[in-house]
Amino acid sequence: MTALPKTTDRKLGLVIDLDTCVGCHACVVSCKGWNTENYGAPLADIDAYGADPVGTFLNRVHSYEVTPVEGPAQTIHFPKSCLHCEDAPCVTVCPTGASYKRSEDGIVLVNESACIGCGLCAWACPYGAREMDGAAKVMKKCTLCIDRIYNENLPEIDRTPACVRTCPSGARHFGDFADPESNVSVLTRERGGMDLMPEQGTKPTNKYLPPRNKDALRSADPAAPVLRPVTDEPRGFLGWLDRALSAMPGGND
Amino acid sequence: MHPAPSVIIFTTLSGLGFGLIFWMGLGYPGVTGLTAFIFFTLAYLLAVGGLIASTFHLGHPERALKAFTQWRTSWLSREGWLSVITLILMAVYGAGLVFLATRWNWLGYIGAALSLATVYATSMIYCQLKTVPRWNHWSTPLMFLTFSVAGGALLAGQPRFALPLLAMAGLVQVYVWIDGDGRLNRSGHTIATATGLGRIGKVRAFEPPHTGTNYLMKEMVHVVGRRHASRLRAIALLAGFGAPIVLLTLPFGHIWAAVAILSHLIGVFASRWLFFAEAEHVVGLYYGKRRAA
């Protein structure tokens, strides 16, 4: 049934650190690679080498410019994938039961063999986390790399989602939010982890760490005394040139 | 939202078909035999034709029967059940009228109620979506129901019901547009709440995740044709409700009735196209395609 579980034993999810993400898109590429070669229908590219390429991705990185009231603008890179919401609206709208949220770990998954490709779950998601695959015509979404995190054939260090494993700046963290002492719970607590669009009432599991406050440039330039202009009026050759040009017709306009 | 033709055809024709079934169930017109057969054929062509059209946009229509399993949570599933139950019950009721010249009143009333329930379930597929503030409102089911009942009365040849209902549907339509236009703004969703970055300052989409388009942008960040919105609104209102009302007040003739029905159909198609094309999904905020914070 597409009824949501009342509680889940664990709450697996990601913490994404907007302070350290450098916008390299490595998570996008590793996600696409792993999820094309492993569990479920491959993530198709349509017209990949043509004029109008379009492809399926489970993780995309936006970039935003944020301008404070005072101080310079900042660029903030913003990876976005399924937030594995506690009140996942994508699950309850599904007419076939293909969409479900696991009671054991809270991961939201799609049973691709039951998906009719109606697209209603993608409409119900405020975050754009679900994409209909252009070739397989079934709904694709982040599985939290279910085929990695429980995969005992992989070395233990690799039993994290591909995006987390690959991130070169350590901006992505994987863990259990139900455990208050887990890495992700501690990070969320200490850094003020936030929900995206909380007013939608979806109760996302994934948390975003806001960028740390930037240090401000001192308002007085330390080099100012040294570089103070020595004169306001040009002298010498430049002074003569200035006077000569000013004397020409229209020179004082 | 992307105005997919299959979904526009589905909601328009099925709404009209179930509207006609509603009136047949109530005994308007009180016909039997061949005349009843013609009315029921028209109603079923519209209702079933619309339902079949709705499967055209599915990625895997061969699995459509699975959509009957999740009626406890999903409005789409409930709509499937209600439409099938209604169509089966009313086929029995119609057989009584056509072949036995017998009206099973109670069956007709139940079928009429189920017709309304079917249209209501269709509307709730859209109304339930918090992600589309324009639809997430009580006026969405009201609009679907008044359109269905008014169009059904028109098809059933019941001007005394059709006239007030068409006027009411037109008024509901105007309200839906006027109030709906501001609903995204009033919902409080902005690029600032979407990204959580509003606490730092003014947020602007700087660079999209990719240079091309994607499924989300095609499906939910649809902008094509909104510039024709005001003209299409005029067409929807005049063709859908204005012209049929005028035609119904003329002395009755089958030609005028047919023109009124065609005009109404064109108007409702235009209205339904706008229903999708003008609906803005909050995911557009992430792409900087909605109002700034």
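So that the names make sense, note that chain A is the first sequence line, chain B the second, and so on, each numbered from 1. All values below were derived from every heavy atom in this structure, side-chain atoms included, with hydrogens, water molecules and symmetry-related copies excluded.
Of the inter-residue distances, the one linking Thr75(A) atom OG1 with Arg204(B) atom CZ reads 9.5 Å to the nearest 0.5 angstrom. In this structure, OG on Ser113(A) lies 6.0 Å from NZ on Lys66(B), to the nearest 0.5 angstrom. Taking CE of Met220(B) as the start and SG of Cys125(A) as the end, the distance is 8.0 Å to the nearest 0.5 Å. To the nearest 0.5 angstrom, Thr67(A) atom OG1 is 10.5 Å from Ile200(B) atom CD1. Rounded to the nearest 0.5 Å, atoms CG (Leu197(B)) and CD1 (Ile76(A)) are 4.5 Å apart. In this structure, the separation between OG1 on Thr73(B) and CG on Leu4(A) is 8.5 Å, given to the nearest 0.5 Å.
The nearest pair of heavy atoms linking Ile116(A) to Ala67(B) is CD1-CB, 4.2 Å. For the pair Thr69(B) and Pro95(A), the tightest heavy-atom approach, listed with the atom from each and the gap, is OG1-O, 3.6 Å. Across all non-hydrogen atoms, the minimal contact from Pro209(B) to Arg60(A) is CB-CB, 3.7 Å. A pairwise comparison of heavy atoms in Thr96(A) and Gln70(B) identifies C-CG, 3.4 Å as the closest pair. Shown here for Val54(A) and Tyr215(B), the closest heavy-atom pair between the two residues is CG2-N, 4.4 Å. The shortest heavy-atom contact between Tyr64(A) and Tyr286(B) is OH-O, 2.7 Å.
Of the candidates Val282(B), Thr190(B), Val283(B), Met197(A) forms a side-chain contact (heavy atoms from CB on, under 4.5 Å) with just one, namely Val282(B).
With chain B as the partner, the residue from Glu199(A), Glu131(A), Lys137(A), Met194(A) showing the most heavy-atom pairs under 4.5 Å is Glu199(A). Among Cys94(A), Gly134(A), Pro210(A), the residue with the largest count of heavy-atom pairs under 4.5 Å with chain B is Cys94(A). With chain B as the partner, the residue from Thr92(A), Leu120(A), Leu18(A), Val138(A) showing the most heavy-atom pairs under 4.5 Å is Thr92(A). Highest contact tally toward chain B, considering only Trp123(A), Phe78(A), Phe57(A), is held by Trp123(A) [criterion: heavy-atom pairs under 4.5 Å]. Top candidate by heavy-atom pairs under 4.5 Å with chain A, chosen from Gly212(B), Ala64(B), Gly198(B), Ala205(B), is Ala205(B).
Neither the backbone nor the side chain of Glu70(A) comes within contact range of chain B; no heavy atoms are under 4.5 Å apart. If you measure heavy-atom distances from Leu196(A) to chain B, the contacts under 4.5 Å come from both the backbone and the side chain. Using a 4.5 Å cut-off between heavy atoms, Val61(A) contacts chain B through its backbone alone, with no side-chain atom that close. Heavy-atom distances place the side chain of Tyr126(B), and not its backbone, under 4.5 Å from chain A. No part of Trp81(B) comes within reach of chain A, as not one of its non-hydrogen atoms sits under 4.5 angstrom from that chain. With a threshold of 4.5 angstrom between heavy atoms, Arg78(B) does not approach chain A through any atom at all. Contact of His77(A) with chain B is not made at all, since no heavy-atom distance falls under 4.5 Å.
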Exercise for review: Let me see the working for His62(A) and Tyr287(B) under ring-ring contact (aromatic ring centres under 6.0 Å, His included), right down to the final yes or no.
Suggested key: CA-CA 8 Å; His62(A) 296 251; Tyr287(B) 289 85; 4.8 Å; yes
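Using a 3.5 Å distance cut-off with no hydrogens or angles, the side chains of Gln200(A) and His189(B) do pair a donor with an acceptor.
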